[in-house]
Undergrad: 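Have a look at this one.
Letters A, B, ... are given to chains in the order of the sequence lines, protein chains preceding strands, and every chain is numbered from 1. Note that the structure is a prediction, hence the values are computed from the model and not measured.
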Amino acid sequence: MAQERKIICILCPNCCELDVSYEGKEILSIENDRCPRGLEYASEELFNPARTLITTVPIKSRNWKTVSVRTTKPVPKSRIFDVYDEVKKIRLRAPINRGDIIIENVLGFGADVIATRTVKE
Amino acid sequence: MIEKKVDIAVIGAGPGGLAAAVSAKESGADVLLIERNPFLGGILIQCIHDGFGLHLFDKNYTGPEYAEEMVNRLENAGVPYLTNCMVIDLNEKKELTVVTSKGLMKLIAKAVILAMGCRERTRGALEIPGTRPAGIYTAGVAQNLVNIQNLRIGNDVVILGSGDVGLIMARRLKIEGLNVIRVIEILPYCSGLVRNRVQCLEDYGIPLTLSSTVIDIHGKDRLEAVTMAKVDRDFNVDHDTTEKIDCDTLLLSVGLIPENELSKKAGVNLDNRTSGALVDNFYETSTEGIFSCGNVLHIHDVADYASNEGFFVGEKAAEYAKGKWKHSGGKPVKIGNGISYVVPQYIRNDCNEVELKFRVTQPFENVRIIVKNGDDVVFKKRVLKVIPSEMNILKLKSIDPEKDVEVKIVIIDKNIN
Ligand SMILES: Cc1cc2nc3c(=O)[nH]c(=O)nc-3n(C[C@H](O)[C@H](O)[C@H](O)COP(=O)(O)OP(=O)(O)OC[C@H]3O[C@@H](n4cnc5c(N)ncnc54)[C@H](O)[C@@H]3O)c2cc1C
Ligand code: SF4
């Protein structure tokens, strides 16, 4: 059966409020999209929603208590908190460079967790 | 007291000050950048979320990554800087008093660039009656405690105000496992960016209650609850709609305000619309040779705009220091219907090209943005949506600076169109 959903496209400041009707993994119709990227965004949001996880990890250092970290790619939205739990198991020690891989291929989602700040000492 | 001379002193090392220092140096000036924090980068260091650099670097950086990119540019340009040093005084003669680890320093500059950023508004929130228990923070302070100090600030959180910082913190605390109960906004619309409302609240099922405010605070040592009530169009509280919400933490995200204590000491005139300096289109303030950029001038929603402003101002300050042009004053830009402010506030009489930045007073749909120069319409653009939280930038290519420039919003009459 066809289902309806309102999705706000956030790819540009227009923030179109898309009215989407879909069945299974197929979009039947889309309204209020001002450009073709709206359809792409809607299908990602409906069938494959993913988000970048950003948080901090404690570090042993002279000047800092934390290092900020992120996933290099979005991970499935429904598993964000599982990825979080993996990240929070980590304890770091200075020095850390921005871009250093903290966890490789976290939970097999194809994304690494990297440091976003350099902590020299 | 140590005494030192420079062409250009830049106060504050956020994106605005970093960009200004780089471009002043690249324009051939001798520059010194002064920052009170032990690190460079300003507020960006605690903004660990992404969404930075989309315009300037064409990348989606987090705040710390963006800061490191800017600091790399600073180091490549060879700009000298001081950290852990605070400017405590500034006068019209462009003499700065700086507190350093070696004592006070007097710095004499040919030009000064103000880039001190902003602080958080607490006013309005302070009018809330009730007790003053622990557990009440401004959103930016909470951001620092969580992201930099690694502290857990509470368990059950209510956020007052839907500014971007509040929205970002709603998601941040949710991710850290806190119970974010709701965001309460006094206006009939969300005051932060749509992108943030969607990704920070809707993604995590955090409710947003509009046209409402907190009217009472409960708890003795630690916050125990707040009372929420609806307000009407004129913000009068409807006492029949109160609801008590149990919580141990309240974040205030009720706006940012430019930090202009130093500017005032140097006789810089401020705009009561922006709370920042009044500047001409070279970003020179009313005090000759003192320039302003970034959040200290007007609140920017994206760091890229603060950086771009800094790059421009650095170049202009370097030109001034070399004596390429003189203080002018210029003609005031007129603020028409629907416009809350315009920066710059003045246009120099020797310029035909000018960039205007402005915000609207309220959300509009299907309107025209019009700029008139004397009787001529020099800019006209139809927009489907324009909201106060998004700054608009437009470039005028050939204006007559002797004639008035006015920016306004014109509602498009549906019957005519
Ligand atoms: C919480 C928050 C979230 C944001 N999120 C985003 C986002 O997602 N994307 C985006 O693009 N933008 C975002 N922004 C906006 C962006 O960060 C700002 O526009 C930008 O940082 C402003 O830069 P600035 O250089 O003017 O000020 P700041 O970064 O505030 O820097 C000012 C600096 O001046 C220093 N200073 C002040 N007074 C003195 C003194 N007397 N002596 C010496 N030093 C002094 C301060 O210590 C500080 O380092 C956010 C802003 C905030 C506050
Ligand atoms: S659909 Fe196109 S125009 Fe509309 S918000 Fe998305 S990207 Fe922008």
Undergrad: Non-hydrogen atoms of chain A under 4.5 Å away: do they reach the side chain of Leu384(B), the backbone, both or neither?
TA: side chain

Undergrad: By a 4.5 Å heavy-atom criterion (distance strictly below it), what part of Arg70(A) contacts chain B: side chain, backbone, both, or neither?
TA: side chain

Undergrad: Do the side chain of Thr66(A) and the main chain of Asn147(B) share a donor and acceptor less than 3.5 angstrom apart?
TA: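 Yes, the answer is positive, given that a donor and an acceptor are paired below the 3.5 Å cut-off.
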
Undergrad: Parallel, tilted or perpendicular: which fits the ring planes of Phe81(A) and Tyr204(B), with parallel below 30° and perpendicular above 60°?
TA: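 Because their plane-to-plane angle is over 60°, the rings of Phe81(A) and Tyr204(B) count as perpendicular.
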
Undergrad: Go through the atoms of Glu202(B) and report whether side chain, backbone, both or neither lie under 4.5 Å from a heavy atom of chain A.
TA: side chain

Undergrad: Looking at Glu40(A), I want to see if its CD is surrounded by more than 12 non-hydrogen atoms of other residues, nucleotides or ligands under 6.0 Å.
TA: no

Undergrad: Against chain A, work out which of His49(B), Glu390(B), Gln149(B), Glu176(B) has the most heavy-atom pairs shorter than 4.5 Å and name it.
TA: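 The candidate making the most pairs under 4.5 Å is Glu176(B).
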
Undergrad: Side chain, backbone, both or neither: which part of Thr52(A) has a heavy atom under 4.5 Å from chain B?
TA: side chain

Undergrad: In terms of heavy-atom proximity below 4.5 Å to chain A, should Phe39(B) be classed as side chain, backbone, both, or neither?
TA: side chain

Undergrad: What part of Asn63(A) gets within 4.5 angstrom of chain B, counting heavy atoms only: side chain, backbone, both, or neither?
TA: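 The answer is neither part of Asn63(A).
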
Undergrad: With a 4.5 angstrom heavy-atom cut-off, is it the side chain or the backbone of Arg172(B) that approaches chain A, or both, or neither?
TA: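 For Arg172(B), the contact with chain A is made by the side chain alone.
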
Undergrad: For Asp58(B), look at atom CG and say whether over 12 heavy atoms of other residues, nucleotides or ligands are found less than 6.0 Å away.
TA: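 Counting other residues, nucleotides and ligands, CG of Asp58(B) stays at 12 neighbours or fewer.
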
Undergrad: With a 4.5 Å cut-off on side-chain heavy atoms, are Ile8(A) and Arg197(B) touching?
TA: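 A side-chain contact under 4.5 Å exists here.
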
Undergrad: Identify the two heavy atoms, one from Pro64(B) and one from Thr116(A), that lie closest to each other, and give their separation to 0.1 Å.
TA: CB-O, 3.4 Å

Undergrad: Measuring heavy-atom distances to chain B, does Leu11(A) have an atom under 4.5 Å in its side chain, in its backbone, in both, or in neither?
TA: neither

Undergrad: Pick whichever of Val198(B), Ile175(B), Ile387(B) has the most heavy-atom pairs under 4.5 Å with chain A.
TA: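 Most pairs with chain A among the choices: Ile175(B).
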
Undergrad: The test is side chain to side chain contact (heavy atoms under 4.5 Å, CB included); show your working for Asn14(A) and Lys385(B) and say whether it passes.
TA: CA-CA 7 Å; Asn14(A) 280 335; Lys385(B) 208 172 352 180; 6.0 Å; no

Undergrad: Please evaluate residues Ile45(B) and Trp64(A) with respect to the criterion side chain to side chain contact (heavy atoms under 4.5 Å, CB included), reporting the C-alpha separation (whole Å), side-chain torsions for both, the decisive distance (0.1 Å), and the verdict.
TA: CA-CA 12 Å; Ile45(B) 301 297; Trp64(A) 297 91; 3.7 Å; yes

Undergrad: Can you establish whether the number of heavy atoms outside Lys88(A) located under 6.0 Å from its atom NZ is more than 12?
TA: yes

Undergrad: Among the options Lys77(A), Arg117(A), Arg98(A), pick out the one with the most heavy-atom pairs lying under 4.5 Å from chain B.
TA: Arg98(A)

Undergrad: Heavy-atom distances under 4.5 Å only: say whether Ile114(A) touches chain B with side chain, backbone, both or neither.
TA: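 Only the side chain of Ile114(A) comes within 4.5 Å of chain B.
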
